[in-house]
S.K.: 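Handing you a structure now.
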Amino acid sequence: MADNLEPLLAEAEGYGGGGCDFSIFDEDLLAELRSMEAGAAGQPEHVEDEDVYKMRELIREKPKDVIQYLEEEGVAKLGEFEVQDAVAFKAFGNENMLTTGADHYEVDWESMWREQLSEYSRSAAGIGWTTKITMEAHVVNLRDAAAEGSKGLLHPLLKRYHARGCSAAVFGLPAVQAVINYKWHTWAKKFLLYELACYLAWLAGYTAFTLLFQQEDWTMTFWQLMADRNGFAATVFSLLTLLPMAPFLYMELCTIAAYGFGWVGMWNIMDLVSYVLQIVICVLHVQREFMDEGFFSVMLATQHVLMWTKLHYFAKAFNPTKTTLVDTVSKILEDLKWFLVFLTLTMLGFALAFYSLYRQDREQFVDFANVWHSMASMYSFMLAMFDYNVFYNSTNPTAAMLLFIAFEFVMNVLLLNVLIASMTNSFSKITQDEGLRFLCSKAEIIDELETTLPDWLRSPAWHPPFVHILKFHPDSTYEVSLSNVWSGIGLMENNLLGAQQETRCRVEELEDRVTKLHKKLDVLIKLFISSLSPSSALGMGMGLGAAPGLSREMSAAQAAFTPPAGVMPAPGLQQQQQQQQQQQYFYPPYAMMGGGWYPYPAYGMPGIGPAAVGVGLGLRRDGSGSSRHRAAAGVDAEGRRVRHGVLQRSHSL
């Protein structure tokens, strides 16, 4: 398949029995065939940087095929090379790929990666023995995929994901993983650590303020408070909490401006409430107002809950188990929200029933003094916290006991167990795609930082035109931890990923070879048909006398257009027959460019392969060369054998 073009055409020339002048062929078609042969021989086709799609161009030109393009053509393989396994293991660590930025699509990738891996050669030791391991070099097939905002890859995908236009599986695609990996290790992880340090300062300051606030005199004025050591310290911590909080408030406002209504979510609303509470608490403490009111204590307590819960936000990116409280609770509540509504309504119904039943005993039993007390009692009953004397000493003990038994059966025996089973099922589904959620969390953090960081903190090196990838070859994964393969996306799939990846690579290689073969044959067909006249092509087709049975069918086709001896055809009839014959066997070259043409057994001709089509046999786009038509035309076993021989001949091309 990697032979030169001239021997291939010379071999095809033998079918016609005559010489072939290569100068008559179109140079563009010859160049196309030679380029395909070069690709089949392992020589990568030259790609200009401007020929690679940008994300905006891809969305504008192929809006329906963006995900499919990322899945099938998102990365392009550049080549392979071997390195010492100790160096590779040290360089990769727990990662499944290494990424780096480059200014061009085509670079000296082997030298580039060897230079980066050489940094780990001195520290790589102590693995027992060393050997060579094969590495694969790839490049993300999108220009400016690492660009910021809507110019890059992550921001449009996240907006699509939040709008439920795609699933989280899109973040497991190699191209998207590579962009996330590059941005995360280049700059995003560092800034997230800065953000974590800032948040810890805010949390420590607020905790110190609340502890000192419990010991101060609430009746003091502001100046009296400044004269008191404890009050002065509480005021300082109260004001200092606003400084580390300011960057978070700025980032939240920038995110609202970038996403609009897409920003609305439970956790984002909780963050905004936390910022407002912090400002209100600080202002009221300085003004010395409402210090002795109950709602001020409620605000202090609520702020503690929100701030300590917010701490789990950072665990989304640093938690090695990938299962965080924030995401888990969010997904479970999303799955069970309607069941929880039904559960609450059932409790409310029983609470109103007990409240009505104990209308004569409200002074004696405060558990049912009002509706809120009744709801709290229902929750206590559900947790098996009750006193039988409440039922025995009531005005209606029998009805109270029967109502209690009904509540216990419905809530504890039925609904509560169904709730536990549903939560278990939801948790199982969540853990199955925890790797994807881990990648999605990183992408969200990266996009938030890109949206909110000021320009003076940014660097052009963060957004290179192209992202290059280095990964282990699938055949080498038996020496590598299964969590380090090309797309490890879940713990439950680790036992299958090695074999799955190897199979996928082999299938893709075979598909690529078949596609190149088909393209090559199409070019050959176009070359012959564009260079030969219909009459000469038919003569070449009739020259296939070496094939038994084929000449008989061709003769029959010719006889169909030949009038009996001594009979003169009507005026114009012979010309009409010749036109029909030419139209039956030949189509203009431009009509064959689209592919999908099929051999047509015209007038008893057996359906034969593309090589015979290239030398003048008839073609039909409607695929009428089916077995049914061949049987009607009287194709015997000999004709089928001829077809098989011609197909073998075409495959050798």
Side-chain angles (χ1 to χ4, degrees), residues 70 94-97 99 146 148-149 152-200 248 251-252 254-255 258-259 262-271 306 308-335 426-427 429-453 462 483 487-493:
L70 293 176
N94 294 325
E95 297 294 331
N96 59 357
M97 67 176 71
T99 53
E148 59 182 334
L153 177 63
L154 296 185
H155 186 77
L157 286 181
L158 283 172
K159 297 193 76 169
R160 183 81 173 175
Y161 171 69
H162 291 156
R164 300 184 181 275
C166 63
S167 66
V170 70
F171 296 98
L173 296 177
V176 185
Q177 283 193 61
V179 175
I180 294 174
N181 183 283
Y182 174 77
K183 291 188 174 185
W184 181 255
H185 291 286
T186 303
W187 59 271
K189 184 177 180 179
K190 177 179 65 175
F191 274 90
L192 185 64
L193 290 174
Y194 294 156
E195 187 178 344
L196 175 60
C198 192
Y199 188 81
L200 290 177
F248 293 96
M251 293 172 62
E252 200 72 39
C254 291
T255 305
Y259 281 91
W263 166 88
V264 177
M266 181 178 64
W267 301 108
N268 289 330
I269 293 176
M270 289 173 59
D271 291 341
L306 294 176
W308 286 97
T309 303
K310 168 77 173 180
L311 197 60
H312 291 277
Y313 162 84
F314 301 96
K316 294 196 302 182
F318 295 114
N319 190 358
T321 63
K322 310 182 186 75
T323 303
T324 61
L325 175 63
V326 174
D327 283 345
T328 302
V329 172
S330 177
K331 296 296 182 181
I332 290 178
L333 291 178
E334 183 178 354
D335 291 344
S426 298
F427 186 80
K429 292 191 298 182
I430 292 170
T431 54
Q432 286 180 358
D433 62 346
E434 60 184 6
L436 294 177
R437 294 192 299 113
F438 186 52
L439 289 171
C440 184
S441 298
K442 283 186 174 181
E444 290 175 341
I445 293 172
I446 291 171
D447 185 66
E448 183 178 359
L449 290 173
E450 286 182 336
T451 305
T452 57
L453 284 178
W462 294 357
S483 62
S487 56
I489 56 176
L491 297 176
M492 298 182 64
E493 300 172 353

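For clarity, every value in this text was computed on a predicted model and none was experimentally measured.
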S.K.: In sequence, state the C-alpha distance, the side-chain angles, and the governing distance for Ile446 and Leu449, and then conclude on side chain to side chain contact (heavy atoms under 4.5 Å, CB included).
M.R.: CA-CA 5 Å; Ile446 291 171; Leu449 290 173; 5.8 Å; no
S.K.: Out of curiosity, Thr99 OG1 to Asn181 CG, how far, rounded to the nearest 0.5 Å?
M.R.: 4.0 Å
S.K.: Looking at CE of Met97 and NE2 of His185, how far apart are the two atoms once the value is rounded to the nearest 0.5 Å?
M.R.: 9.5 Å
S.K.: Sequence neighbours excluded, which residues qualify as side chain to side chain donor-acceptor pair (under 3.5 Å) partners of Glu195?
M.R.: none
S.K.: Is it true that Lys310 and Glu252 have a side-chain N and a carboxylate O under 4.0 angstrom from each other?
M.R.: no
S.K.: Show the nearest heavy-atom pair for residues Cys254 and Thr452, with the distance to one decimal.
M.R.: CB-CG2, 3.5 Å
S.K.: Go through Asn268 and Thr255 one step at a time and tell me if the side chain to side chain contact (heavy atoms under 4.5 Å, CB included) criterion holds.
M.R.: CA-CA 10 Å; Asn268 289 330; Thr255 305; 5.8 Å; no
S.K.: Counting C-beta onward and ignoring hydrogens, is there a side-chain heavy-atom pair between Leu311 and Leu200 closer than 4.5 Å?
M.R.: yes
S.K.: Set out, in order, the CA-CA distance, both residues' side-chain angles and the distance that settles side chain to side chain contact (heavy atoms under 4.5 Å, CB included) for Gln177 and Leu439, then state yes or no.
M.R.: CA-CA 7 Å; Gln177 283 193 61; Leu439 289 171; 3.7 Å; yes
S.K.: How long is the straight-line distance from CZ of Phe191 back to SG of Cys198, given to the nearest 0.5 Å?
M.R.: 13.0 Å
S.K.: Locate the shortest heavy-atom distance separating Cys440 from Tyr161; write the atom from each residue and the value.
M.R.: SG-CE2, 3.5 Å
S.K.: Work out which heavy atom in Ile332 is nearest to a heavy atom in Ser426; give both atom names and the distance.
M.R.: CG1-CB, 4.2 Å
S.K.: Excluding sequence neighbours, so at least two apart, what forms salt bridge (Lys or Arg N to Asp or Glu O under 4.0 Å) with Glu450?
M.R.: Lys183
S.K.: Might you point out which heavy atoms bring Gly149 and Pro156 nearest each other, and give the distance in Å?
M.R.: O-CD, 4.1 Å
S.K.: State which residues pass side-chain contact (heavy atoms from CB on, under 4.5 Å) with Thr186; sequence neighbours excluded, sorted by chain then number.
M.R.: Tyr182, Trp462
S.K.: Please name the pair of heavy atoms, one in Val176 and one in Leu154, separated by the smallest distance, quoted to 0.1 Å.
M.R.: CG1-CD2, 4.0 Å
